[in-house]
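Scroll down for the structure; my scribbles are underneath it.
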Amino acid sequence: IKAVHSDNPADAHSIQDRIDELWTLHTYDFWLIGLKYAASVLGFGSGTAVGHVMTMDETAQQTIASLLEKVNDEAIVGK
């Protein structure tokens, strides 16, 4: 929002592109598992979906961690 209000369309588009990439978080394994794992990478919770037997493979975990690292930005995550 700051980028839009500061009349900086290039930054606004860049931020939106990175946010759009986050949409893929639900596509790794069962959707809830991917979102729970992503939240745990950011320091929220354990990454375990209570009552669910599925777990993510290491490749999916690394892909999610890399995606979060790539889009990590104060303008997106509000640090």
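Everything quoted here is computed from the prediction, not taken from an experiment.
Under the 3.5 Å distance criterion, the side-chain polar atoms of Ser40 are matched with a main-chain donor or acceptor of Tyr37.
Just one residue in the list Gln62, Lys70, Glu69 forms a side chain to side chain donor-acceptor pair (under 3.5 Å) with Ser66, and that residue is Gln62.
With values rounded to the nearest 0.5 angstrom, Ile64 atom CD1 is found 10.0 Å from Ile33 atom CD1.
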Could you walk me through whether Asp20 and Gln16 satisfy the side chain to side chain donor-acceptor pair (under 3.5 Å) test, starting with their C-alpha distance in whole Å, then the side-chain angles of each, then the deciding distance to 0.1 Å, before giving a yes or no? CA-CA 6 Å; Asp20 289 345; Gln16 184 61 53; 2.7 Å; yes

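Following chains of ILVMFWY side-chain contacts shorter than 4.5 Å, one cannot reach Trp23 starting from Leu32, and the two form parts of different hydrophobic clusters.
Side-chain contact check for Leu68 versus Leu22: some heavy-atom pair is nearer than 4.5 Å.
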